[in-house]
Amino acid sequence: MADALSLTAYDLWKSYGDEAVVQGISFTLAPGEIVGLLGPNGAGKTTTVGMLFGTVIPTRGFVRFGPWQLPGQGQLARAQMGIVTQEDNLDPDFTVFNNLTHFAHHYRITGALARQRAGELLALVNLEHRADAQVDELSGGMKRRLVLARALLNNPKIVFLDEPTTGLDPDARQDFWRLVQQLKASGCGILLTTHYMDEAQRLCDRLLLLQRGKVIDEGSPSDLVARVIGREIAEVEGVAPDPLRDLAARQGAWYRAFGSGYLVSLPDADPDAMWQQIQAHRPTRLRRRPANLEDVFLRLTGSVLE
Amino acid sequence: MKLITATPWGVYSVWWRHFQVYRSTWLVNFLPPISEPIVYLLAFGYGLTPLVGDVEYLGQRVPYPQFLAAGMIAIGVLFQAFFEGAYSSFIRLNFQKTWQALLTAPLSFTEVFLGDWFWAATKGAIAGTLTGLVAVIAHLYDLSSLVLSLPLIVLGSLLFGAFGLLVAGVVNKVDQVNVPIFLIVIPMFTLSGTYFPRSTLPPLLESIANLLPLAALVDLLRWPMGLPPQWPLLLLWLLGWMVVMARLAALRIYPRLFS
């Protein structure tokens, strides 16, 4: 793609007073790639995104996007960016349609061209039947889709989605994910922040796991799960902890108390042998399931995502 | 604060957004600047003229309604520009997050700030001009004088719009806008020689009132009755206030958007 642009963050740091909120984050986002920043609330995801498009000035480090460098050239860079911020900032003074045509004006898209583009985007996000509605009349999911449509007015080369599905019901989240995948297929680079494990696993090509402003690990969701945990997890309840811990230690498996029970990883080499040994302890509840990113996060940070 | 480029299009585009909101409810928006001066001119002009008769201004006697007209123009400018800058910008900044949304487009802080400021000034200028037209129809101000006064109306609108934006940048709750209204705006609009010549005030109060920016604007708008002797200084005084207010407003609002 001739006009594709990559974004690279170089050693981004951000401190507020004595508190370092982001500490040395570096990564590259290529065209057509979805990179996710996954971490609990307060991990520094939104601050990082702010530095990428220019509303947060890094204490150290910089961002390069195509020919531009931020901070400094944010205004020029944003002409090729689409930004979906976490907070809803649609214009309550305008209809759904005019939210798009009037915002297009800022990109010098005016008149018939603006109306045409607004129509296309409303069709893309399935809001064409609500064109004349007021923003206040839209559901949460519709509002998020409209913010996404607004971010696409300029055919951006890169889109930032900051917690785009927080507060949406499962159907609305599925709708939104479909749009994100369409966008990726069109060659757009996407940076997604989320604290939803399923969203990260489903959408992202590559993940940066964030804890207290630092990247603690990175890789594709499946690689991370395979490398950090393995293929399967046993959820165990109602057994004495010591024999279970000893069993895990002997097998080189990961073991952790969790809720009212325990999580034990089953070794990839011979999961059934370990499974039978756990069964032999006669737990009151036993469940075998594929390992996921939540387990990865738990193992790496000792804490759950939310 | 970083000096960021501002393009004419960017500033215009932000201004245009505010104009679109205004345009959609233009009838409601035109009502206060027309009805307010008519009410004042009727109430004070016709009500007080039999009691007051002529007033002494710059050593000459002028009919009271004529004296009042320039004051009404200045008040129209003050109220509309200040309220747009203070209340509406505060709402756009803190409730509607319009500024934050605009900054996801390829717009700089300077462009969004100037767009908001010029919009507040536009509302002040519309109010001042409409009030002036009412005065022209009532034969209290010449049409040609009004046309020549337009730059003054614009200058006053920019000054009070910037003052409004400064308030929007300083207060944390919308109710707090009332504080500068009661402490500054209302004393200013009553004491600046709008309804009566400042020479009737006690000397100390008169000296304070003479320094108020609205006083300079009113005196300059009364130029058809005679230019105040130090008028170039008054112009500079207004320009100085405007620059200081705008600069302070930008310095206060910038950290609310960029961290």
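Every value quoted in this text rests on a predicted model; they were computed, and no experiment measured them. Here is how names work: the chains are called A, B, and so on, in the same order as the sequence lines, proteins then strands, and each is numbered from 1.
A:Arg212 CZ: 12 or fewer foreign heavy atoms inside a 6.0 Å radius. Remark: A:Lys214 NZ is loosely packed, at most 12 non-hydrogen atoms of other residues, nucleotides or ligands lying under 6.0 Å away. For B:Trp241, the CH2 atom counts as loosely surrounded, since its 6.0 Å shell holds 12 or fewer non-hydrogen atoms of other residues, nucleotides or ligands.
Between the CD atom in B:Gln20 and the NE2 atom in A:His105 there is a gap of 7.5 Å [rounded to 0.5 Å]. Between A:Arg108 atom CZ and B:Thr7 atom OG1 the span is 5.5 Å, to the nearest 0.5 Å. Considering CG of B:Leu103 and OG1 of A:Thr55, their distance stands at 8.0 Å, rounded to 0.5 Å.
When all heavy atoms of A:Tyr107 and B:Ala105 are compared, the pair lying nearest together is OH-CA, 3.8 Å.
The aromatic rings of B:Trp16 and A:His102 sit perpendicular, their planes meeting at an angle over 60°, well past the 30° parallel limit.
Side-chain atoms of B:Arg17 do not come within 3.5 Å of backbone N or O of A:Phe103 as any donor-acceptor pair.
Only the side chain of A:Glu87 comes within contact range of chain B, with heavy atoms under 4.5 Å apart. Heavy atoms of A:Leu153 lying under 4.5 Å from chain B are absent altogether. If you measure heavy-atom distances from A:Thr110 to chain B, the contacts under 4.5 Å come from the side chain alone.
Chain B forms more heavy-atom pairs under 4.5 Å with one residue of A:Ala79, A:Gly74, A:Gly50 than with any other, namely A:Ala79.
Side-chain contact between B:Gln100 and A:Thr85 is absent, with no heavy atoms from C-beta onward closer than 4.5 Å. Counting heavy atoms from C-beta on, the side chains of A:Phe94 and B:Val21 come closer than 4.5 Å. Inter-residue side-chain proximity for B:Gln96 and A:Asp93 is flagged as met; some heavy-atom pair is nearer than 4.5 Å.
Looking at B:Val112, B:Thr104, B:Leu107 one by one, the single match for side-chain contact (heavy atoms from CB on, under 4.5 Å) with A:His106 turns out to be B:Leu107.
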